[in-house]
Amino acid sequence: MQIVIHIDKMDYKELIDKKNLPRHIAIIMDGNGRWAKKQGGIRIFGHQNGVKSVNDVVEASAELGIQFLTLYAFSTENWNRPKLEVEALMGLLVSTISNELKNLTKNNIRLLVIGNIAQLPKNVRNKLLKTIEVTSINSGLTLVLALSYSSRWEINEAVVNIAKDIKNNTLQVEDINETVFKKYLSTSEIPDPELLIRTSGEYRISNFLLYQLAYTELYFTEILWPDFSKNDFYKAINDYQSRERRFGMTSEQITK
Ligand code: IPE
Ligand code: IPE
Ligand code: MG
């Protein structure tokens, strides 16, 4: 039997058009559990190995001059996983943030979090808030962690807060439009992503940025998250740059 291993040797960084970079890239980092299983390890082993890929895409984004990178690290639905796995993920978060603080500062990276952080364990929340504060002066890449996040939660929050503002008379019903509504989302300070990457061969959005992804280019790859390299990231950006974004118009209107 002949085994054919396909290795992509192309240097995708070279091919990137620096003048047409996405301003905001969002990633659904998926496949840690399957990666661990393939290695004969437990799921947590996969999460631990996913940290390297996180560091790689953060570094690559900072180097390229991407302005926003949003990483889906833990969804509202992930709370339903086995207690031991949730605890391990929370522990990994604290240790990664502690280890990476120096690098964030060195690379001029600002940290933000979207999601229901009130649900997070106190030590995780405190570590995050402290890091957000310390890095708030940085002016390079903004790294957004989606933690205990889901779009339906976010949209529900927005509706509740709009209703409250109408009740206390700081907002009038007739003033609600898309611009105003966006201000009530957790991404109010963040532009919509131009590119969404999902690893591990799953073709779904899993409750991530449903409102913000309205016109985002979607990129799916079979690669499992711990195997996702800088070059794979550059390849996704190349793919994005080959697309024609029409926003409902015709091709002729765009190329005019
Ligand atoms: C993504 O990998 C990490 C999180 C959702 C926290 P998974 O843990 O979902 O890995 P698979 O999908 O089971 O392989
Ligand atoms: C999505 O991955 C959430 C994160 C990557 C944090 P999941 O593995 O939880 O998604 P589903 O359950 O396969 O849709
Ligand atoms: Mg998964």
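When a ligand or atom number is given, it counts from 1 through the structure's own listing order.
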**Asked** Does S75 approach ligand 1 within less than 4.0 angstrom via side chain, backbone, both or neither, non-hydrogen atoms only?
**Response** neither
**Prompt:** What do we get for N78 next to ligand 1 when only non-hydrogen atoms under 4.0 Å count, side chain, backbone, both or neither?
**Reply:** side chain
**Request:** Report yes if some heavy atom in the side chain of L141 is under 4.5 Å from a heavy atom in the side chain of N107; otherwise report no.
**Result:** no
**Item:** Heavy-atom nearest neighbour in the protein, as seen from atom 1 (C) of ligand 1, with distance rounded to 0.1 Å
**Value:** M29 O, 3.0 Å
**Request:** List every atom of ligand 2 that sits less than 4.0 Å from any heavy atom of I28, numbering the atoms from 1 in the order shown and giving each element.
**Result:** 1 (C), 5 (C)
Quick check on contacts: which atoms of ligand 1 are under 4.0 angstrom from a heavy atom of [X]?
X	result
R43	7 (P), 8 (O), 10 (O), 13 (O)
H47	3 (C), 8 (O)
A73	6 (C)

**Item:** N/O/S atom of E202 inside 2.8 Å of the Mg ion (ligand 3), strictly under
**Value:** no
**Prompt:** Ignoring hydrogens and geometry, is there a side-chain-to-backbone donor-acceptor pair from Y203 to R198 under 3.5 Å?
**Reply:** no
**Prompt:** Going by distance alone, is a donor N or O of one side chain under 3.5 Å from an acceptor N or O of the other, for R152 and T76?
**Reply:** no
**Message:** Using a 4.0 Å heavy-atom cut-off, which part of R34 comes near ligand 2: side chain, backbone, both, or neither?
**Reply:** neither
**Request:** Could you pull out all residues at least two apart from E63 that satisfy side-chain contact (heavy atoms from CB on, under 4.5 Å)?
**Result:** K13, E59, K230, Y234
